[in-house]
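Beneath this line is the structure, given in structure tokens, with notes to follow.
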There are 2 protein chains.
Amino acid sequence: MVRTADHEARRRQLIEAAIEIAVGQGIDRVTVAAVARTAGVSVGLVQHYFPAKEELMRRAYAELLARLDARVARIVAAGEEHGDAIREMVPVALGELLPIGPRRTDEARVRLEFQTLAGRNPDLLATAQEHERRMRERLRVTVDNAKKCGETSRSADSSEVADDLWAAVTGAAPAMLVDPAFDGRRVLAGACQRAFPRECRRAART
Amino acid sequence: MVRTADHEARRRQLIEAAIEIAVGQGIDRVTVAAVARTAGVSVGLVQHYFPAKEELMRRAYAELLARLDARVARIVAAGEEHGDAIREMVPVALGELLPIGPRRTDEARVRLEFQTLAGRNPDLLATAQEHERRMRERLRVTVDNAKKCGETSRSADSSEVADDLWAAVTGAAPAMLVDPAFDGRRVLAGACQRAFPRECRRAART
DNA sequence: TTTTGTATCATACGGGTATATGGTTTAGCC
DNA sequence: GGCTAAACCATATACCCGTATGATACAAAA
């Protein structure tokens, strides 16, 4: 074999370009030509690394969700490290999902676009499903932790509480996109209040 | 003027075709040619009544939402006529929004598609906004009614309770589309339970 | 019956899409 | 150092889209 390039690095570069276009201009402005232009390469190169456009889209979607997931996880981890109460930490973490400010608005919009596309595309749907299950599972674990220190009623079903939170936040996001007057933060705060009725500041591990 | 046709009837016929395609095959299969074919007319005729495709889409979206609204309103009205408790009536009415069964699944999916399109299209956005405000206002009024007969705490903020319900149901719907295992009915039931904690069967007006 | 303008149709057009194709450059191995 | 296959590019291709255009059919007014 001769002249080997770093395939994965190239792919990441193209995925980056696709994400940039999708977030900034909308998912259907992500054309092969636009990705090539943004990445500063030829159309042929894009084809070389992504023979079918769909695979590029799937990777871009997965990357987008992975980053969101990482941000949420980081906020939760930082809160636990700091010994914050879960009831204070969760609204901040889930707030990442709400279209507050330009950046999160663009992101929420493009997530909605991908999710909609996923509605008729099995590959994208699997990606969306994976993300949703990961998030709900994370929430469930968090609720379980809250139980242990008394922030949540011990008799409550953790999955049920987690799904309530999930529905609240994923419902508030598009509502805010459609009507800026919709107070998604209030809805989220209310949902967290219900999920974690009792205060419980834990000792910092540091 | 010579040879006058019923413009509005023709438009309704074309809107019908557009809705049929959108619900059955997805919003981006709604092309002018497909609408013409489905309606059994020529492409030129579609253009004659809808010089721009966007207006056809706006009308189709508005019609879709109007029908949903009518179904919800009818359920609520029937419940009130029958003297049903609001806490029993609301889950049924809002259940129309959930993708339960093939029909409601197709409808929820296409609503998501339109809403997503609206995210970057001012005309469609206005239509979506109008619908959302109508639904939330209807919910607020219902919560207010529930207060009067004691199903809801008198001290609660009706808008806040209504928005909680709205977020729960509009969050549960896409979650169910993505993951069929997501129990949206349970989430909706829980939200209604919180909104209307006390039973109160009223006398039928008939 | 002739005129007239609307209703309707068939088709052309221009632009944008994903993908196919064939050529050119270049890095590593014999 | 030249050979070879991968990396990369420019362009062609085939298709589908919304819209424009011009012709035809036809109902009502004159």
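Just so it is clear, the values below take in all heavy atoms, side chains as well, and ignore hydrogens, waters and symmetry mates. Reminder, nothing fancy here: chain letters follow the sequence lines and each chain counts from 1.
Within 4.0 Å (heavy atoms only), A:Val41 reaches sugar-phosphate atoms of the nucleic acid but no base atom.
The CZ-C1' distance, from A:Arg29 to C:dG16, rounds to 12 Å in whole Å. Spacing between atom CD1 of A:Ile21 and atom C1' of C:dT17 amounts to 14 Å, rounded to whole angstrom units. Taking atom CG on B:Leu14 and atom P on C:dA7, their separation rounds to 13 Å, with Å as the unit. To the nearest angstrom, P of C:dT19 lies 16 Å from NE2 of A:His48. Rounded to whole Å, the distance from CG on A:Asp28 to C1' on C:dT17 is 12 Å. Rounded to whole Å, atom C1' of C:dA18 lies 8 Å from atom NZ of A:Lys53. Whole-Å rounding puts the A:Arg10 CZ to D:dC9 P distance at 7 Å. The distance between atom CG of B:Asp6 and atom P of C:dT8, rounded to the nearest whole Å, is 11 Å.
Within a 6.0 Å radius of CZ in B:Arg29, no more than 12 heavy atoms belonging to other residues, nucleotides or ligands are found.
When the nucleotides D:dA7, D:dG18, C:dT19 are ranked by their closest atom to the side chain of A:Tyr49, D:dA7 comes out on top. The side chain of A:His7 sits closest to D:dA7 out of C:dA7, D:dA7, C:dT19. Listed nucleotides C:dC9, D:dC8, D:dG18 differ in distance to B:Ser42; the shortest reach to its side chain belongs to C:dC9.
The only option from A:Ile27, A:Asp106, A:Val23, A:Leu65 that meets the side chain to side chain contact (heavy atoms under 4.5 Å, CB included) definition with A:Arg111 turns out to be A:Leu65.
Between A:Arg134 and A:Asp69 there is a salt bridge, since a side-chain N of the basic residue sits under 4.0 Å from a carboxylate O of the acidic one. Checked for salt-bridge contact, A:Glu113 and A:Arg109 miss the test: no charged N lies under 4.0 Å from a carboxylate O. Note on B:Glu151 versus B:Arg87: no salt bridge recorded, every NZ/NE/NH1/NH2 to OD/OE distance being 4.0 Å or above.
Both B:Leu45 and A:Phe50 lie close to DNA chain C; mapped to their nearest nucleotides by heavy-atom distance, the more 5′-ward contact belongs to B:Leu45.
A donor-acceptor contact under 3.5 Å is not formed by the side chain of A:Gln47 with the base of C:dA18.
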